[in-house]
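Index from 1, following the sequence.
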Amino acid sequence: MTHKHFLTLLLTLTLTTLACGLAAPASPSPTPVPVQVTVPAPTDPAPNLSAEQMKNAQYQLGARDDHTVVQLTDGKYQQGTDATTMDFANAGITEFISVGDLTGDGIAEIAAIFFENYGGTGNFGFLTIYTNVNGQPAFLTSIMIDDRPLINNMSIENGEIYLDAVIHGFEDGGCCPTLQTTQRYALVNNKLRLTNYTTVNPEGRIRSIEIMSPADQTQVSEFVQVNGAVSIAPFENNLSYFIYDEAGTQLASGPVTVTAPDFGAPGTFSELIPLAGIPVNTTIYLEIQDISAADGFIQALDVVKLIVK
């Protein structure tokens, strides 16, 4: 090997050694970057409904067979201008409007009294319920109170609707209702169910029934012992019981005997009612009714909600 070739080889080895010694060190493992997880803020519940919103809500006509849904404008709806024509319809909301929770979910519904007229003398009063859909009132259900009832008061109390109204008794003329009543309604499966009803007799005495036991939501099986009182003993001291499920299907019925010291005096009842044939885990509504022997109308009513186990 020549001296020139030796110098060239020595230079090559030296440069290679230096390159290896000066090579950049291996990069350290990257430090993990925390992932920023954005938790969405809880959705605020829909704001409570207001009486003012009802003036421009939709309403379902209750006295017409087709139950047409109409649009209110400033609290009123009218179809046609001639009240003598077949297609005339007039509906409007009254000042009786109450806001309150009827389902126990913390979101308020609205109860309101509407009247409907179709050109004749009839002026049909309806208790109407609106639910809250994204802060707007949406028609849910209604029930007719009477033709030309006189409404004294309406409110929502303890999750039920309380109504004080004068309606037609059996012998009242169409123009002039005279029967004083109080009525309580619960919202069950989006329908109104009467839970208490009182009337005032011609002598001015309130006719009422009070179920004292069992309490609402009591679990029962095979039989239920029902105890209560009446303010006025019924005809021949006989009341009636009826059992319904939540869909409104009647499951059973029978008599309830009242004990009273005299005809028409206050009295009490204690009845062991059989529940045979009612499936386990069925929620039932046990109604005690005072039915008039003269006209078949209910004169008083009270209800207890039970669970069959």
Rounded distance [0.5 Å steps], OG in Ser292 versus CZ in Phe297
9.0 Å
Restricting to non-hydrogen atoms, name the atom on Phe96 and the atom on Met154 that form the minimum distance, rounded to 0.1 Å.
O-CE, 3.3 Å
Taking Gln79 for its side chain and Asp87 for its backbone only, find out whether a donor-acceptor pair lies under 3.5 Å.
yes
Tell me whether Val99 is reachable from Phe114 by hopping between hydrophobic residues (I, L, V, M, F, W, Y) whose side-chain heavy atoms are closer than 4.5 Å.
yes
Reported CD-to-CD distance for the pair Gln136 and Gln53, which is rounded to 0.5 angstrom
5.0 Å
Is there a path of hydrophobic side-chain contacts, each under 4.5 Å between heavy atoms, that joins Phe124 and Ile167?
no
Looking only at atom types and distance, does a side-chain atom of Tyr130 sit under 3.5 Å from a main-chain N or O of Gln58, one as donor and one as acceptor?
yes
Would you find more than 12 non-hydrogen atoms of other residues, nucleotides or ligands less than 6.0 Å from Glu171 atom CD?
no
Just how far is it from atom CE of Met212 to atom CG of Asp302, taken to the nearest 0.5 Å?
10.0 Å
Close side-chain approach of Gln60 to Thr68, heavy-atom, < 4.5 Å
no
Evaluate the side-chain contact (heavy atoms from CB on, under 4.5 Å) criterion for residues Leu275 and Glu222: first the C-alpha distance (whole Å), next the side-chain angles of each, then the deciding distance (0.1 Å), finally the verdict.
CA-CA 5 Å; Leu275 303 175; Glu222 297 186 5; 5.9 Å; no
Using the rule that Ile, Leu, Val, Met, Phe, Trp and Tyr join whenever any side-chain heavy atoms are under 4.5 Å apart, tell me whether Ile284 and Ile288 fall into a single cluster.
yes
Does Thr141 reach the side chain of Leu187, with side-chain heavy atoms less than 4.5 Å apart?
yes
Using a 4.5 Å cut-off on heavy atoms from C-beta on, say whether the side chain of Thr218 contacts that of Asp216.
no
Heavy-atom closest contact (Ala186 atom, Thr195 atom, distance):
CB-CG2, 3.7 Å
Validation row: Leu286, Ile273 side chains within 4.5 angstrom (heavy atoms):
yes
Not counting sequence neighbours, list each pair that qualifies as a side-chain hydrogen bond (donor to acceptor under 3.5 Å, both in side chains) and has a residue in residues 236-253.
none
So do the side chains of Gln299 and Tyr197 get within less than 4.5 Å of each other, counting heavy atoms only?
no
I need the Ile129 CD1 to Tyr185 OH distance, nearest 0.5 Å.
10.5 Å
Is there a side-chain contact between Ile209 and Thr198, using heavy atoms and a 4.5 Å cut-off?
no
Distance-only polar pair, side chains of Asn117 and Asn123, donor-acceptor under 3.5 Å
no
Any salt bridge (Lys or Arg N to Asp or Glu O under 4.0 Å) pairs touching residues 148-166, not counting sequence neighbours?
Glu157-Arg184
Where do Val303 and Leu194 come nearest, in terms of heavy atoms and distance?
CG2-O, 3.6 Å
Check whether Tyr285 forms a cation-pi arrangement with Arg193 (NZ or CZ under 6.0 Å from the six-membered ring centre, at most 45° off the ring normal).
yes
Nearest heavy-atom contact between Ser142 and Phe126 is OG-CD2, 3.9 Å
Any heavy-atom pair between the side chains of Ile161 and Leu192 that's under 4.5 Å?
yes
One should read off an interatomic distance between Met54 CE and Ile110 CD1, to the nearest 0.5 angstrom, of 5.0 Å
What I'd like to find out is whether the side chain of Leu306 reaches to under 4.5 Å of the side chain of Pro214, using heavy atoms alone.
yes
Closest non-hydrogen contact found for Val224 with Val220 is CG2-CG1, 3.8 Å
For residues Ile143 and Ile156: do they belong to one hydrophobic cluster (side chain heavy atoms under 4.5 Å, members Ile, Leu, Val, Met, Phe, Trp, Tyr)?
yes
Nearest 0.5 Å, what's the CD1-CZ distance between Ile93 and Phe115?
12.0 Å
Can you check side-chain contact (heavy atoms from CB on, under 4.5 Å) on Tyr162 and Asn153, steps first, answer last?
CA-CA 8 Å; Tyr162 170 80; Asn153 189 27; 4.1 Å; yes
Any idea which heavy atoms bring Phe223 and Pro274 closest together, and the distance?
CD2-CA, 3.5 Å
Donor-acceptor contacts, no H, no angles, side chain residues 173-181, under 3.5 Å, sequence neighbours left out:
| from | atom 1 | to | atom 2 | distance (Å) |
| --- | --- | --- | --- | --- |
| Thr178 | OG1 | Asp172 | OD1 | 2.8 |
| Thr178 | OG1 | Asp172 | OD2 | 2.8 |
| Thr181 | OG1 | Ala165 | O | 2.8 |
| Thr181 | OG1 | Gln183 | NE2 | 3.1 |

Would you list the atom pairs, donor with acceptor, under 3.5 Å between side chains in residues 255-271 and any protein atom, with sequence neighbours excluded?
| from | atom 1 | to | atom 2 | distance (Å) |
| --- | --- | --- | --- | --- |
| Ser270 | OG | Gln225 | NE2 | 2.8 |
| Ser270 | OG | Asn227 | OD1 | 2.6 |
| Glu271 | OE1 | Thr257 | N | 3.4 |

Keeping to residues at least two apart or across chains, list the side-chain hydrogen bond (donor to acceptor under 3.5 Å, both in side chains) pairs with something in residues 93-116.
Tyr59-Glu116, Asp101-Thr103, Thr103-Asp105, Glu116-Tyr118
If only atom types and distance count, is the side chain of Ser231 paired as donor or acceptor with the main-chain N or O of Ile206 below 3.5 Å?
yes
Between Leu251 and Ile243, does a side-chain contact (heavy atoms from CB on, under 4.5 Å) hold up when you go through it step by step?
CA-CA 5 Å; Leu251 304 177; Ile243 298 177; 4.3 Å; yes
Say whether Glu203 and Asn201, considering side chains only, have a donor N or O and an acceptor N or O under 3.5 Å apart.
yes
For residues 279-299, which residue pairs pass the salt bridge (Lys or Arg N to Asp or Glu O under 4.0 Å) check, not counting sequence neighbours?
Arg207-Asp290
